[in-house]
Amino acid sequence: MRFGIRTLDELHLSGKTVLCRVDINQPVDRATGTLKSINRIRACVPTVRELSDKGAKVVLMAHQGSDIEYKNFYTTKPHAAVLSELLGREVKWIDDVCGPAAREAIRSLKDGEILLLDNVRFVSEEQTLFEQKLRLTHEQQAKTLLVEKLAPLADCYVCDAFAAAHRDQPSLCGFEQVLPSAMGRLFEAEYCTVSQVMEEPARPCVFVLGGAKISDAFLMMQTVLSRGVADHIVTGGLVGNIFLTALGQQIGQGSVDFIMKSNYGEYIDRAKELYAQYGDKIVLPKDLGWVENGERREALLGEVPADIGAIDIGHETVKVYSELILNAGTVFVNGPMGVFEQAPSEYGTKAVWDAIANTKGHSVLGGGDSITATEKFGLTEKMGYICTGGGALIRFLSGEELPVVRALRHGATIPEKGE
Ligand code: ADP
Ligand code: MG
């Protein structure tokens, strides 16, 4: 048991039917029916392999969104082929979630065999529960069609979907009410890693916050500063620009227009308040970069031209940030330092990412674009830990209790049959 949750070590798996929820939601190319990335599928391989190796009949449940988020769900069929390839063993697939065909396929599994069900969001309850913000308690979720049809066929439930741990839905929180439950290896690794950052980070603990998702960044900052988790927060991207604006620095009208156009004006006041209280811990850019006629330009604060739009941090800032990062005990990273997607403004992110890759401390990185940047700079192998969970990670670091964690703690109290 860890954190009041069973691990795979505490379940008897041989010959048992295991319902395992994974998060293998990936960007899909709908024209060709292929997946544009397979990172999350790769990440759940250890758990699936272990369940199968230990002789369980493995039934995988997963969701897949689409480019039109929450409107047009997509099948999990391509995922089965990719998983099969990664595992080097057959992964059966069925175009049903919990109807008679799916149940028959589950009953006919032999020990060690793996079956992936179709997209759980094809079952309306799973979808309504978050799209319509209809709240069902975990006890009520246990009475939904999905759980009532599948739980009787299974001996236990395993959740390996840390990336979806903030979602309060039947496939994630309902089964733990009726089946002995455990977290999978990926869930365990991610949850332990982020708990370590929150509970007892090696000091000094440096947060690197940039990017464009301002609401997330401010929620995290408030929590990690008020709880004394972060010793330094180095800021870049839009986060840095908002703080500089709040302190009355001239950062170019283009930058301010962008903040206003993105409806982030309210955060300027939040930034003022945060800085008034924790100014000794919030580190701001000393210089900024922008692009003019395809060329990179930089200026120190105080010398930034009035008409530019800053989309990167500059060399002087990088020196300060790198020093802090290289000497940190823990580095938590979410959000790039600039528009790293284009060459003239990739410098700040690349240089800071190099420091993260070379820090003495333990680095933990999360967020879709932060991971893309890591891959772009070829630093994936040099990072301490790369989290698959974006939303779950942010919510955890914002001090929220994750619904799936609460459900798994309940599932830990349900004894196995014959126990
Ligand atoms: P993550 O996906 O890692 O959580 P975000 O989604 O919050 O990160 O932010 C990533 C995006 O922010 C990138 O597309 C990047 O181009 C953009 N970005 C970074 N700096 C700036 C900036 N100064 N102005 C506008 N956009 C920025
Ligand atoms: Mg992003």
Side-chain angles (χ1 to χ4, degrees), residues 204-212 217 221 230-247 249-252 254-255 258 271 275 279-292 294-305 308-367 369-380 382-384 386:
C205 177
V206 177
F207 275 65
V208 179
L209 299 182
M221 268 191 276
D231 297 305
H232 308 283
I233 296 187
V234 306
T235 58
L238 222 46
V239 182
N241 284 357
I242 287 177
F243 271 99
L244 292 174
T245 306
L247 298 185
Q249 289 286 353
Q250 209 290 100
I251 61 165
S255 317
F258 191 84
Y275 199 83
D280 54 332
K281 299 196 164 158
I282 301 171
V283 192
L284 303 179
K286 285 166 134 13
D287 53 355
L288 296 170
W290 68 96
V291 180
E292 234 171 75
E295 298 266 327
R296 180 184 178 88
R297 298 263 187 278
E298 271 188 25
L300 289 168
L301 290 182
E303 296 166 13
V304 176
I308 61 106
I311 52 171
D312 198 12
I313 57 173
H315 282 67
E316 292 305 314
T317 309
V318 163
K319 277 188 208 155
V320 177
Y321 289 8
S322 298
E323 185 71 18
L324 283 169
I325 291 166
L326 288 169
N327 294 307
T330 306
V331 186
F332 176 83
V333 189
N334 184 246
M337 296 290 101
V339 181
F340 69 93
E341 293 92 339
Q342 53 191 51
S345 51
E346 74 167 18
Y347 166 76
T349 306
K350 185 168 188 316
V352 166
W353 259 230
D354 275 332
I356 300 162
N358 291 304
T359 177
K360 302 199 283 252
H362 183 55
S363 58
V364 178
L365 182 138
D369 293 291
S370 301
I371 294 173
T372 305
T374 310
E375 286 166 356
K376 180 178 179 194
F377 305 137
L379 295 171
T380 305
K382 297 195 75 183
M383 296 299 177
I386 297 181

**OP:** Go through the steps for Asp369 and Glu341 under the test side chain to side chain contact (heavy atoms under 4.5 Å, CB included), then give the verdict.
**Re:** CA-CA 9 Å; Asp369 293 291; Glu341 293 92 339; 4.2 Å; yes

Please check if the side chain of [X] supplies one atom and the backbone of [Y] the other of a donor-acceptor pair under 3.5 Å.
X: Ser345; Y: Val339; answer: yes
X: Thr374; Y: Ser370; answer: yes
X: Glu375; Y: Thr380; answer: no

Flag the pair [X] / [Y] as yes when at least one side-chain heavy-atom distance between them is below 4.5 Å, and no otherwise.
X: Ile233; Y: Lys281; result: no
X: Met383; Y: Val333; result: no
X: Val352; Y: Ile313; result: yes
X: Thr235; Y: Tyr321; result: yes
X: Thr349; Y: Lys376; result: no
X: Glu346; Y: Phe377; result: yes
X: Pro285; Y: Phe243; result: no
X: Met337; Y: Val318; result: no

Side-chain donor-acceptor contacts of residues 323-332 below 3.5 Å, not counting sequence neighbours, with atom names and distances?
from: Glu323; atom 1: OE2; to: Asn327; atom 2: ND2; distance (Å): 3.4
from: Asn327; atom 1: OD1; to: Lys360; atom 2: NZ; distance (Å): 3.1
from: Asn327; atom 1: ND2; to: Glu323; atom 2: O; distance (Å): 3.0
from: Thr330; atom 1: OG1; to: Ala202; atom 2: N; distance (Å): 3.0
from: Thr330; atom 1: OG1; to: Ala202; atom 2: O; distance (Å): 2.7

Taking every non-hydrogen atom, the tightest pair across [X] and [Y]:
X: Trp290; Y: Ala299; value: CZ3-N, 3.5 Å
X: Ala310; Y: Ser255; value: N-OG, 2.8 Å
X: Pro344; Y: Val291; value: CB-CG2, 3.7 Å
X: Asp231; Y: Cys205; value: OD2-N, 2.6 Å
X: Gly338; Y: Asp312; value: CA-OD1, 3.9 Å
X: Ile356; Y: Ser363; value: CG2-CB, 3.7 Å

Subject >> side-chain contact (heavy atoms from CB on, under 4.5 Å) involving Glu295 - partner list, sequence neighbours excluded >> reply: Arg297

Original post:
Considering residues at least two apart in sequence or located in another chain, which fulfil the ring pair (Phe, Tyr, Trp, His ring centres under 6.0 Å) criterion with Phe340?
Top reply: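 Applying ring pair (Phe, Tyr, Trp, His ring centres under 6.0 Å) to Phe340 gives none.
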
